[in-house]
Structure formats: C-alpha cells, structure tokens
Amino acid sequence: MKLFNTLTRTKDEFKTIEPGKVKMYACGPTVYNYFHLGNARPFVTFDTLRRYLEYRGYEVEFCQNFTDIDDKMIKRANEEGVTVKDIAERYIKEYYVDADGLNCKRPTYQPRATESIGAIIGIVKALYDQGIAYVIEGDGVYYDVTKKEDYGKLSHYNLDELNAGGGERKASYEGKKNPGDFAIWKFKKEGEPSWNSPWGEGRPGWHIECSAMIKKHLGNTIDIHGGGQDLIFPHHENEIAQSESANGCTLANYWVHNAFVNVDGEKMSKSLGNFFTIRDIVKHFPYEVIRFFILSGHYRMPINFSDELLKASQTGLQRIATCAANLKFNIESDAYNGDDASASEAVKAAAQEAHDSFVAHMDDDLNTADAITDIYTLVKAANTAIDNKASKEALQVALDMLNEITGVLGIVLKVEEDIPAEITELVEQRAAAKKAKDFAEADRIRDLITSKGYSVKDTPNGPQVEKL
RNA sequence: GGUGCCAUAGCCAAGCGGUAAGGCCAAGGUCUGCAAAACCUUUAUUCCCCGGUUCAAAUCCGGGUGGCACCUCCA
C-alpha cells in the first residue's frame with residue numbers, strides 16, 4: 001500500500017515497524033461542543049484507513065484522544081457555571097452519538113488528557129532536565145525550538161521564515177527565547193483546573209498531551225500519525241519536536257493529513273462560523289449518507305458541503321442499497337429460478353474484478369473515490385445478473401462481495417427488516433385485487449401500505465416489500 | 001512577505017506520459033395495468049490560458065490568470 005507522507009511530500013510505500021502490526025494515532029476532538037462536518041472528516045477518514053488496514057490483515061492498534069482540558073473547555077465551563085469535567089463528560093457522550101452514527105469503530109484506546117497527566121509531566125521533565133525546556137516565571141514551561149536541529153521538517157518551514165511571518169506569535173513574544181517557542185506546561189491561573197508538577201500547579205499545553213498519550217499507549221515510535229491539514233503546523237510539528245527530543249527517536253514514520261470540508265469554497269471552521277454540526281445535518285440526511293459523502297472524494301482533496309451534494313450522495317447510496325435489497329429479495333424468492341450459466345459466470349467474474357480493483361484503488365493512498373466506482377460497477381453487474389437470470393448462488397456471490405467492500409468503507413446498507421403480518425396481508429389482498437384486474441382497489445391498498453411506512457413494488461418474481 | 005495545494009462535462013469527481021472512469025441531474029427507449037426498481041442509448045475531438053520537452057501531455061517543465069489553505073485557536 002502507498003500512503004502520501006507529509007514528511008516526504010510523496011506517496012511512499014507503507015512498511016510497518018513490526019510485521020503485520022500497525023500502530024496509529026489520530027488527533028481527536030476537543031470536547032466542548034458537538035462536532036461539525038469538518039471535524040467529522042478525519043474521524044471518518046482514519047476510521048476507514050484503520051478498517052482497510054485490518055481488511056488487509058494487519059493487527060491495528062488505534063489511539064484517538066479526547067482533549068478535555070484547554071482554554072475553550074475552561075471558557076465553556078465558566079459560561080455555563082459548571083466544571084470543566086462536566087463539559088467533558090457531556091460532550092464525550094455526545095461525541096459517541098455522532099461517531100457511532102457515522103459508523104466509526106471505537107478506537108483501541110481513547111485516552112483523555114486529564115487522565116494522562118503523569119505521562120505529560122514525564123515528558124516535560126525529560127525536556128526540562130535536558131535543558132531543552134525553560135521556565136518563564138508566572139507563565140509556564142516552554143520548549144526551545146532552536147534545540148532541535150530539524151525543527152520544521154514536517155511543515156517544511158524553517159525558523160527564519162516563521163520569524164519573518166506576519167503571524168500573531170510576535171505579539172506574544174515577551175519572555176520567550178524565540179517566537180516559535182511554545183508552552184508545554186501552563187502555570188495555574190485563578191479559577192482554572194490544575195495539577196501538581198515539579199514546576200508548580202498548572203495544566204498541560206496543547207501539543208504535549210498527544211506526545212504523552214502516544215508514548216503511553218503505543219510507544220516511542222509509531223507507524224502512522226494522522227489529523228487535519230491545519231494541524232501540520234504548529235501542532236504536529238511541535239509534537240514531533242517534544243517527543244523526539246524527549247525520546248531520542250522518531251515519533252512517527254508516516255504523517256497522513258486530510259483536506260478540509262469547504263462551504264462556498266471556504267474552509268468550514270468554528271472561527272469563521274460557517275459550520276454545520278453533524279447533529280444538525282442528520283436532521284436532513286442519515287448518518288450513512290454523511291459518511292458516504294465524505295468518502296466520495298479523495299481525502300487529500302477539499303470537498304464542498306452543500307445540500308445539493310448531500311442529496312446526490314443520498315441518491316447514489318440509495319441505488320447501492322436498493323441493489324443489495326433486490327439481490328436479497330430474489331435469492332429468497334421462491335418465484336426466482338435463475339439458471340443461466342453465462343449470466344452466472346459473468347456476475348461472479350464481476351464480483352472478483354470489483355474486489356481486485358477495489359483493493360488496487362485503496363492501496364493507492366486510500367483512493368475511496370475510485371473504490372466507490374468499483375461498487376457502482378458491481379451494482380450494475382448485479383442488477384444485470386438478475387435480469388439475465390443468473391443463479392441464486394451467483395447472486396449470493398455478488399451480494400457477499402457488495403457487503404464486503406461496502407463494509408470496509410464502513411458504509412451501511414439499510415438492512416431489510418422483517419415485514420409485519422399486517423403488511424404481508426395487505427400485500428396479498430392487493431395481489432388478489434390485481435389478479436381480478438381491480439386496479440383501483442390495488443392502488444388503494446398500495447396507498448394504504450405506503451401510509452403505514454412500507455413500499456411495495458411489483459417485480460417479475462412477485463411483490464417486493466420494503467420499509468421506507 | 002514566506003510555504004503549499006487546486007483549476008477536468010449542468011453539478012460532483014477520478015485519472016497524473018499512451019490517446020477523457022464513475023456518480024448526480026437531464027433527454028429518449030425497453031419492461032410495467034399504473035407505479036417503483038432496473039437495463040439500454042444520448043450528454044467534454046477535450047481537461048483555465050500561453051509557451052516548451054516528447055513519436056505521444058489533462059498528465060512533465062517554464063510563465064501567466066483565478067481560487068483555497070497554513071504561517072494564530074482550528075479537523
């Protein structure tokens with residue numbers, strides 16, 4: 001498999017540290033609010049990467065954190081007059097509602113910053129003892145970026161460029177040895193949660209928690225580290241600096257970053273205020289459509305958010321789901337008696353081709369856009385197979401493959417539920433009316449069935465009922 | 001100012017040296033009592049513009065134009 005590595009800016013052949021095992025880490029949410037579509041993109045992307053690696057036979061240890069202590073958390077808690085912990089508990093719970101809805105598998109480890117203080121202090125201490133970090137009185141413990149000769153290797157920035165930049169860093173220069181130095185431990189301010197440390201009461205800086213959690217749960221060097229592109233600098237760059245200085249070895253071999261979700265061509269973000277939470281979107285489109293939409297473009301390309309685009313994804317996904325339902329219906333139908341040998345062969349070959357092409361596309365830097373094309377190709381072959389009377393066994397092969405590859409993408413095809421006896425009776429009554437050519441009555445019953453939440457369609461193999 | 005990314009049909013989107021995938025929408029057809037679903041056909045002589053390299057370029061190089069992102073909390 002090839003993965004685009006931000007470190008090298010090329011698609012590199014993926015090789016694990018340990019054969020058959022992958023250790024990966026992705027930056028998780030700061031739990032002070034519901035998350036929005038832009039936040040959802042990395043969750044879905046790295047869940048898909050994880051699922052694919054597992055599909056390819058790797059044993060994956062996947063760690064994704066909860067940032068449950070930072071400025072925004074404190075602000076939110078103060079606004080509501082509750083504790084930071086209350087906010088965290090609430091939005092971690094809400095996170096799971098949406099993340100589970102989007103069918104993101106639970107990571108192997110989901111540590112919280114506040115439960116990793118010991119590990120965090122361990123890294124701060126290692127840096128301080130080496131003289132890489134220094135104290136600014138009344139402020140915090142800072143990392144000296146000039147102490148790392150390859151600082152900037154991820155973002156490909158060098159310190160001179162950064163210093164020359166028009167950023168805000170200059171404004172907060174006082175006390176720092178260099179504009180790029182960053183806090184790894186912040187001293188306590190009145191009314192803020194704090195923990196004891198060798199430098200006094202305080203709380204962790206932003207970047208340090210990830211370094212600590214990676215070390216604690218996965219080790220000093222991991223295979224893959226992921227996150228959104230906006231985290232490349234300064235967050236990931238600083239994580240690298242801290243971890244590598246403290247541990248004396250490489251933090252991660254592959255750095256994978258997803259592009260943004262845009263609204264009218266601009267990045268969806270909390271600061272711009274142009275965001276849509278998953279909780280809101282799901283009022284209009286089901287979770288599986290949102291996931292399918294995210295995967296319909298390559299993860300390194302921006303995707304634009306709009307109602308129209310979601311609608312198109314919904315229609316497309318519907319077609320795939322309908323295909324699965326049609327296959328299942330015919331396989332289970334007594335009236336379907338397919339026996340055409342060439343049709344059977346054709347669809348079985350199509351299933352195999354879809355599989356091979358799917359793997360090739362996913363191997364190429366997780367090209368889910370092309371992988372979805374393979375699904376459509378299989379759908380068309382399967383639909384044709386039904387028309388051409390392929391055997392039930394062949395249809396089952398197609399259905400199994402369809403479930404297999406959509407499953408790797410975490411795309412849920414709505415499963416047909418058991419039809420209540422009441423509905424089945426109505427369907428029979430309608431069939432009788434149709435046989436008697438009483439179409440008015442047949443249509444009346446169909447409307448009745450529809451009003452009860454089911455659809456009935458007439459196929460050459462009898463009526464097919466589905467829950468709407 | 002520095003550093004990157006992007007520009008392909010009405011919309012979305014792959015392809016990244018070998019002669020334009022796929023999806024949505026639209027039109028016509030087949031099937032059907034009508035629907036629904038499905039299938040078939042049609043929809044870019046052409047990939048922002050100008051040069052160059054090559055037998056061959058949407059794909060590589062140079063120069064434009066337009067858009068976005070990062071350098072500051074941010075997925």
Side-chain angles (χ1 to χ4, degrees), chain A residues 6 9 26-30 35-46 70-72 75 152 155-158 160-172 179-180 206 226-235 237 257-262 265-272 275 292-293 296-298 300-304 306 308-320 322-323 325-326 329 357 361 364 367-377 379-380 382-384 386-388 434 437-440 442-443 446-447 450 455-460 463-464 466:
Chain A
T6 307
R9 287 182 174 168
C27 290
T30 301
F35 63 86
H36 62 67
L37 220 213
N39 301 311
R41 170 112 100 146
F43 303 155
V44 169
T45 298
F46 296 109
D70 86 326
D71 293 348
K72 295 186 292 286
K75 184 164 176 263
S155 56
H156 299 89
Y157 292 151
N158 65 55
D160 292 339
E161 286 165 4
L162 287 172
N163 293 346
E168 301 291 317
R169 277 161 182 278
K170 280 181 173 172
S172 57
W206 175 34
Q229 277 174 352
D230 50 357
L231 296 183
I232 294 170
F233 192 90
H235 188 238
E237 194 69 63
H257 293 97
N258 63 274
F260 304 124
V261 175
N262 292 156
E266 273 191 327
K267 176 185 177 183
M268 178 184 293
S269 73
K270 282 173 181 157
S271 44
L272 283 175
F275 62 90
F292 187 68
F293 170 71
S296 66
H298 185 96
R300 283 192 292 111
M301 291 298 181
I303 48 176
N304 212 54
S306 78
E308 190 191 356
L309 264 14
L310 260 306
K311 191 81 193 64
S313 283
Q314 183 168 36
T315 309
L317 181 58
Q318 186 61 249
R319 196 165 137 236
I320 297 166
T322 300
C323 174
N326 290 166
F329 171 77
S357 182
H361 285 138
D364 183 16
N367 193 337
T368 54
D370 272 352
I372 286 172
T373 292
D374 297 319
I375 295 174
Y376 282 118
T377 306
V379 163
K380 181 168 277 192
N383 285 328
T384 301
I386 294 171
D387 286 349
N388 291 347
K434 272 186 65 182
K437 302 248 186 253
D438 186 352
F439 297 120
D443 289 346
R446 183 165 61 193
D447 288 344
T450 304
S455 76
V456 55
K457 34 188 198 185
D458 298 322
T459 78
Q464 183 175 346
E466 277 168 17

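Throughout, a chain's letter reflects where its sequence line sits, starting with A, and its residues are numbered from 1. What you see is a predicted model; the values in this text were computed from it and never measured. As a basis for the values below, the full set of heavy atoms in this structure was taken, side chains included, without hydrogen atoms, waters or symmetry mates.
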Distance in angstrom units between [X] [atom1] and [N] [atom2], rounded:
X: A:Tyr376; N: B:C24; atom1: OH; atom2: C1'; result: 8 Å
X: A:Gln464; N: B:U32; atom1: CD; atom2: C1'; result: 15 Å
X: A:Asp447; N: B:C34; atom1: CG; atom2: P; result: 17 Å
X: A:Ile375; N: B:C24; atom1: CD1; atom2: P; result: 13 Å
X: A:Gln229; N: B:C71; atom1: CD; atom2: C1'; result: 14 Å
X: A:Glu266; N: B:C70; atom1: CD; atom2: P; result: 10 Å
X: A:Asn262; N: B:A69; atom1: CG; atom2: C1'; result: 9 Å
X: A:Asn258; N: B:C70; atom1: CG; atom2: P; result: 13 Å

(message) Looking at A:Lys75, I'd like to know whether one of its side-chain N or O atoms comes within less than 4.0 Å of OP1 or OP2 on B:C73.
(response) no
(request) Examine B:C25: is either OP1 or OP2 under 4.0 Å from a nitrogen or oxygen in the side chain of A:Lys311? Give yes or no. (result)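 No.
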(request) Let me see the working for A:Gln464 and A:Thr459 under side-chain hydrogen bond (donor to acceptor under 3.5 Å, both in side chains), right down to the final yes or no. (result) CA-CA 7 Å; A:Gln464 183 175 346; A:Thr459 78; 5.2 Å; no
(request) Please identify each residue that fulfils ring pair (Phe, Tyr, Trp, His ring centres under 6.0 Å) with A:Phe46, with sequence neighbours left out. (result)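 Expected list: none.
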(message) Going by the rule ring pair (Phe, Tyr, Trp, His ring centres under 6.0 Å), which residues pair with A:Phe293 if we only count those two or more places apart in sequence or in a different chain?
(response)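 Partners of A:Phe293 under the ring pair (Phe, Tyr, Trp, His ring centres under 6.0 Å) test: none.
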(message) Between A:Asn258 and A:Thr45, does the side-chain hydrogen bond (donor to acceptor under 3.5 Å, both in side chains) criterion hold? Intermediate values first, please.
(response) CA-CA 8 Å; A:Asn258 63 274; A:Thr45 298; 5.3 Å; no
(message) Could you work out, with salt bridge (Lys or Arg N to Asp or Glu O under 4.0 Å) as the rule, every residue matching A:Lys380, not counting sequence neighbours?
(response) none
(message) The criterion is salt bridge (Lys or Arg N to Asp or Glu O under 4.0 Å); which residues satisfy it with A:Lys434, sequence neighbours excluded?
(response)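 Per chain and number, A:Lys434 pairs via salt bridge (Lys or Arg N to Asp or Glu O under 4.0 Å) with A:Asp458.
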Could you work out, with side-chain contact (heavy atoms from CB on, under 4.5 Å) as the rule, every residue matching [X], not counting sequence neighbours?
X: A:Asp443; value: A:Arg446
X: A:Lys267; value: A:Asp230, A:Phe260, A:Asn262, A:Ser269
X: A:Ala259; value: A:Arg41, A:Gln229, A:Pro302
X: A:Thr6; value: A:Leu154, A:Ile232, A:Trp255, A:His257

[atom1] atoms of [N] and [M], separation to the nearest Å:
N: B:A57; M: B:U19; atom1: C1'; value: 10 Å
N: B:C6; M: B:C60; atom1: P; value: 9 Å
N: B:G2; M: B:A58; atom1: P; value: 32 Å
N: B:G67; M: B:C40; atom1: P; value: 42 Å
N: B:G33; M: B:C16; atom1: P; value: 48 Å
N: B:G66; M: B:U41; atom1: P; value: 43 Å

(request) Go through the steps for A:Asn39 and A:His36 under the test side-chain hydrogen bond (donor to acceptor under 3.5 Å, both in side chains), then give the verdict. (result) CA-CA 5 Å; A:Asn39 301 311; A:His36 62 67; 3.3 Å; yes
I'd like a list of close polar pairs between nucleotides 36-40 of chain B and the protein, N/O only, cut-off under 3.5 Å.
unit_1	atom_1	unit_2	atom_2	d
B:A36	N1	A:Asp458	O	3.4
B:A37	O2'	A:Asn326	OD1	3.0
B:A38	O3'	A:Asn383	ND2	3.1
B:A38	O2'	A:Asp387	OD2	3.3
B:C39	OP1	A:Asn383	ND2	3.2
B:C40	OP2	A:Lys380	NZ	3.4

(request) Taking all heavy atoms of A:Ser155 and all of A:Phe233, pick out the closest pair and write down the distance. (result) OG-CD1, 3.5 Å
(message) I want to confirm an ordering. Mapping A:Thr377 and A:Ser269 to their closest nucleotides on RNA chain B, which one lands closer to the 5' end?
(response) A:Thr377
(message) Which is more 5' along RNA chain B, the nucleotide nearest A:Ile372 or the one nearest A:Phe439? Just name the residue.
(response) A:Ile372
With a non-hydrogen cut-off below 4.0 angstrom, is [X] in contact with a base, only sugar-phosphate, or nothing?
X: A:Lys267; value: base
X: A:Tyr157; value: base
X: A:Lys72; value: sugar-phosphate
X: A:Gly227; value: sugar-phosphate
X: A:Ala259; value: base

(message) With heavy-atom distances below 4.5 Å as the criterion, would you say the side chains of A:Arg319 and A:Tyr376 are in contact?
(response)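 They are in side-chain contact.
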Dump every N/O contact between nucleotides 57-60 of chain B and the protein below 3.5 Å, one line per pair.
none

(request) Any chance you could encode RNA chain B as dot-bracket? Rule is Watson-Crick or G-U wobble with both distances under 3.5 Å; [ ] for pairs crossing earlier ones, | for another strand. (result) (((((((..(((.....[...))).(((((.......))))).....(((((..]....))))))))))))....
(request) Do nucleotides 4-17 of chain B as a string where each nucleotide becomes B, S or -: B if the base has a protein heavy atom under 4.0 Å, S if just the sugar-phosphate does, - if no protein is that close. (result) S-S----SSSSS--
